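Taking it in order: structure first as structure tokens, then the write-up.
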Amino acid sequence: MSAKKLKRSFYNRPTLDVAAEIIGKFIVFNTPSGKLSARIVEVEAYIGQDDPACHASRGLTKRNRPMFGPAGFTYVYFIYGMYHCLNFVTEPKDSPAAILLRAAEPVEGCDRMLQAAGKPSSTGLLSGPGKFCRAFGFTTEQNELDLTGDLIYIENRNVEVSNIQRSQRVGIREGRDLLWRFYDADSTAVSKPR
DNA sequence: TGAATGATGCGCT
DNA sequence: GCGCATCATTCAT
């Protein structure tokens with residue numbers, strides 16, 4: 001069975017459902033120098049104004065605007081003066097929510113990812129949101145792009161994931177009680193806990 | 001092998 | 001000014 005690009009209807013649903021199902025899917029980025037792709041193994045959900053860790057918890061701002069838009073778009077932000085984080089917007093317009101891509105396994109274009117990351121080996125190459133964006137070359141130039149287009153999208157390649165687990169989210173101060181981190185417990189590419 | 005820390009820039013109060 | 005959905009390095013045990 002061939003790969004199928006996920007449609008807007010996949011993203012336009014309750015965020016926890018999308019987060020659980022996005023594990024094991026493949027993110028594709030068609031760059032001028034060729035295709036980059038990776039198998040998603042770890043994500044986190046950030047949902048609505050009532051989630052204290054969500055950027056939308058203090059209302060609409062210039063930065064978090066993509067979260068308030070329709071599902072199926074990217075939300076990329078700059079953090080700690082040197083890293084970027086890639087999110088997928090979920091749920092309908094005016095229902096701010098997104099999924100943070102935290103870790104993946106390199107599939108296509110591994111050589112170019114290694115070069116971009118300045119690393120000799122692929123171990124841990126995409127194991128962390130900042131490391132993933134550095135290797136893929138994601139910056140705010142890729143903010144608010146349509147995931148149903150041909151530049152950036154997610155594919156279902158019909159690879160089974162049998163051991164999806166949940167845990168607390170990483171790197172936040174408030175909202176730690178929520179088990180909104182999803183990961184493939186059989187993957188060695190999952191990011192290391194602090 | 002675990003804890004502390006520095007790097008570094010921008011959005012928001 | 002402060003704090004941040006991070007990470008690599010340094011230092012202590």
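By convention in this document, chain letters (A, B, ...) are assigned in the order of the sequence lines, proteins followed by strands, and residues within each chain are numbered from 1. Source: prediction; values computed, not measured.
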Could you check whether A/E108 pairs with A/R157 (Lys NZ or Arg NE/NH1/NH2 to Asp/Glu carboxylate O, under 4.0 Å)? yes

Less than 4.0 Å between a side-chain N and a carboxylate O, is that true for A/E155 and A/K25? no

Scanning all shown strands, the Watson-Crick or wobble mate of C/dT13 with both distances under 3.5 Å is none

| said: Using a heavy-atom cut-off of 4.0 Å across all strands, would you classify A/G130 as base, sugar-phosphate, or nothing? | reply: sugar-phosphate

query = Is the shortest distance from a Lys or Arg side-chain nitrogen in A/R169 or A/D51 to a carboxylate oxygen in the other one below 4.0 Å?
reply = yes

Could you check whether A/R169 gets within reach of a base, just the sugar-phosphate, or nothing at all, counting any heavy atom under 4.0 Å? nothing

Any side-chain N or O of A/R102 below 4.0 angstrom from OP1/OP2 of C/dT6?
yes

Checklist line | Donor-acceptor pair, side chain of A/R176 and main chain of A/I172, under 3.5 angstrom | finding: yes

Q) So what does A/R176 hit on the nucleic acid, given a heavy-atom distance under 4.0 Å: a base, only sugar-phosphate, or nothing? A) nothing

- Message: I'd like to check, for A/Y46, whether its ring lies over the base of C/dA5 with centroids under 5.5 Å apart and a plane angle smaller than 30°.
- Response: yes

Whole-Å distance, A/I79 CD1 to B/dT8 C1', equals 12 Å

Self-check item: Any donor-acceptor N/O pair under 3.5 Å between B/dA7 base and A/Y80 side chain
Solution: no

**Prompt:** NA contact type, A/L100, heavy-atom cut-off 4.0 Å: base, sugar-phosphate, or nothing?
**Reply:** base

